[in-house]
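All figures in this text were calculated on a predicted structure; none of them were measured in a lab. Lettering of chains follows the sequences in order, A, B, ..., and the numbering in each one begins at 1.
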There are 2 protein chains.
Amino acid sequence: MSKRKPPERSNQRYRTRKDLIDAAGRLMKNGHKPSLEEVAEAARVSRATAYRYFPNVEALLVEAPLDTAAPDWDALFAGDASIDPEERVDRAEAAMHRMVFDNEAAIRLMLSASVARAARETDGEAVPYRQNRRTPLIEAALAPARTRFKKANYNRLRAALAMIFGSESMVVFRDVLRLDEKTARAVKSWAVRALVRAALDESQAQ
Amino acid sequence: MSKRKPPERSNQRYRTRKDLIDAAGRLMKNGHKPSLEEVAEAARVSRATAYRYFPNVEALLVEAPLDTAAPDWDALFAGDASIDPEERVDRAEAAMHRMVFDNEAAIRLMLSASVARAARETDGEAVPYRQNRRTPLIEAALAPARTRFKKANYNRLRAALAMIFGSESMVVFRDVLRLDEKTARAVKSWAVRALVRAALDESQAQ
DNA sequence: CATATAATGAGACGATCGTCTCGTGTCAAG
DNA sequence: CTTGACACGAGACGATCGTCTCATTATATG
């Protein structure tokens, strides 16, 4: 039984996976939902191979735009000495707002696929089906004032801000309320400031 | 050219449309996305007819669960003499919360279809593609205290609460934050109360 | 370099989608 | 009751989905 250590080939797998995600991201830019065949062709890969990496089209579309349109949050607070959490959270929301509204088409496709996929997998075993970029951003914004919050208040505030930060609120403003981008930004700016202030007040009172 | 007034037959059209929506709502209860053929069969209608009423499957699924799971909001404040907007908004959110989490599967399908459909129709002409049940509910909750808000503050508060009330926040809590239903309700309860309070303060100050 | 093994390509398969045409049934005005 | 307009049913069509099998290529190790 001359067993040989199986070849790793992890680099090859990583590259083809990345090629697929990149191709999907490119094709989603214009808001057109690409068929898996289109993505595979753009990635110079056969259809069968694409299905070896992603169980369905949605799973592929979920990962695509996130990698493409991910700005560098670090630069947001880099040359900035502001400590005021209200100010920092508002600025972070502004950046997230821009990113979401600039990539609305692609993000809609991602969100749609994500929501449907989670519904399908409710009965099966859970899957890490969605990334979370907003929590790190929120935490970075709150970091300098971290000690001014009680722990419970901090966690509650963080969760509440997550409702406002993401792409879901964009859907509310556009599809439900039919409000324009500027109004949306104004409402969110007011809301995040009010929430930060409330959490601060409750933390220092008593 | 003997022209005769064309037969109305609007009742027939209304019934088949309603039959299709009802059938879709029934099939979506368990979270399984029904194929259009399944819906048509359940509605005792041919596939071709279903396509005569809805351009695609998503358009059908968007309208279904809303009609099915729409409680009577009026009863919420019927035997209630509370005037405090904070209390009323919190109670309204609790009701919406229950409705959304009880029908999570169907609402996910609706939301997914709605978000994707809006993306597709971005280039074409706008379409009334989504109903808005939360705004009337929010307005009913704020009604008794309506005069205590300045107009701008009222509109801003109403929009901010819409972010928290709907099904979108459920997606945030479940898929992004991975928090359980109880925690979600607690966070939202705190947030809506804080927002109402902030809007009130800003309205009476100055 | 040689080779076992992993990664890929090619393509068939049934199911569903969305569109189309044509024939039948049915309502309601005259 | 008659009849014209309308709703409906049946079914074909190509496109895409997701799964499968089998052959071919590429890679890392000895």
- Task: Could you pull out all residues at least two apart from B:Arg98 that satisfy side chain to side chain donor-acceptor pair (under 3.5 Å)?
- Result: none

- Message: What is the separation between atom CZ on B:Arg13 and atom P on D:dA5, rounded to the nearest whole Å?
- Response: 17 Å

- Scan residues 155-168 of chain B for pairs that pass salt bridge (charged side-chain N to carboxylate O under 4.0 Å, His left out), counting only residues two or more places apart or in two chains. B:Arg130-B:Glu168, B:Arg134-B:Glu168, B:Glu139-B:Arg158, B:Arg156-B:Glu202

- Query: Of the non-hydrogen atoms in A:Leu61 and A:Ala113, which two are nearest, and what is the gap between them?
  - Reply: CB-CB, 4.5 Å

- Task: Round to a whole Å and report the spacing from CG of A:Asn56 to P of C:dC17.
- Result: 15 Å

- Item | Partner residues of A:Arg185 under the side chain to side chain donor-acceptor pair (under 3.5 Å) criterion, sequence neighbours left out | A:Asp90, A:Glu93

- Whole angstrom value for the distance that separates C1' of D:dC8 from CG of B:Asp19: 13 Å

- Partners of B:Ala23 by side chain to side chain contact (heavy atoms under 4.5 Å, CB included), sequence neighbours excluded? B:Arg26, B:Val39, B:Ala42, B:Ala43

- Query: Whole-Å distance between C:dT19 P and B:Tyr53 OH?
  - Reply: 17 Å

- Task: Starting from P on D:dC17, measure out to CG on A:Leu60 and report it in whole angstrom.
- Result: 11 Å

- Could you list all the ring pair (Phe, Tyr, Trp, His ring centres under 6.0 Å) pairs where at least one residue sits in residues 92-112 of chain B, not counting sequence neighbours? B:His97-B:Phe101

- Between C:dG18 (P) and B:Tyr51 (OH): distance, integer Å: 4 Å

- Task: Could I get the full list of side chain to side chain contact (heavy atoms under 4.5 Å, CB included) partners for A:Arg17, not counting sequence neighbours?
- Result: A:Ile21, A:Tyr53, A:Phe54, A:Glu63

- Message: Holding to side chain to side chain donor-acceptor pair (under 3.5 Å), I want the full list of residues that pass it with A:Asn132, two or more places apart in sequence or in another chain.
- Response: A:Thr135

- Query: Near DNA chain D, which residues from residues 34-43 of chain B have a heavy atom under 4.0 Å away?
  - Reply: none

- Item | For A:Asp180, all residues meeting side chain to side chain donor-acceptor pair (under 3.5 Å), sequence neighbours excluded | A:Thr183

Please enumerate all protein N or O atoms sitting under 3.5 Å from an N or O of nucleotides 9-13 of chain D, with distances to 0.1 Å.
residue: D:dG9; atom: OP2; partner: B:Ser46; partner atom: N; Å: 2.7
residue: D:dG9; atom: OP2; partner: B:Ser46; partner atom: OG; Å: 3.3
residue: D:dG9; atom: OP2; partner: B:Thr49; partner atom: OG1; Å: 2.9
residue: D:dG9; atom: O6; partner: B:Arg52; partner atom: NH2; Å: 2.6
residue: D:dA12; atom: N6; partner: B:Arg47; partner atom: NH2; Å: 3.4

- Message: Holding to side chain to side chain contact (heavy atoms under 4.5 Å, CB included), I want the full list of residues that pass it with A:Ala50, two or more places apart in sequence or in another chain.
- Response: A:Leu20, A:Leu36, A:Ala40

- Message: Need to verify one output field. Residue with the more 5' nearest nucleotide on DNA chain C, B:Phe54 or A:Thr16?
- Response: A:Thr16

- the helix from C:dC1-D:dG30 to C:dG30-D:dC1: angle between terminal helix axes, five bp per end, to the nearest 10 degrees, reads 20°

- Item | Ring-face cation of B:Arg146 near B:Tyr154 (centre distance under 6.0 Å, axis angle within 45°) | yes

- Task: Please report, rounded to the nearest Å, how far the P atom of D:dC6 is from the CZ atom of B:Arg15.
- Result: 18 Å

- Message: Just the rounded figure in Å: distance from P of C:dA15 to NZ of B:Lys33.
- Response: 19 Å

- Note on the structure: A:Val57 has its side chain closest, among D:dG18, C:dA7, C:dG18, to D:dG18

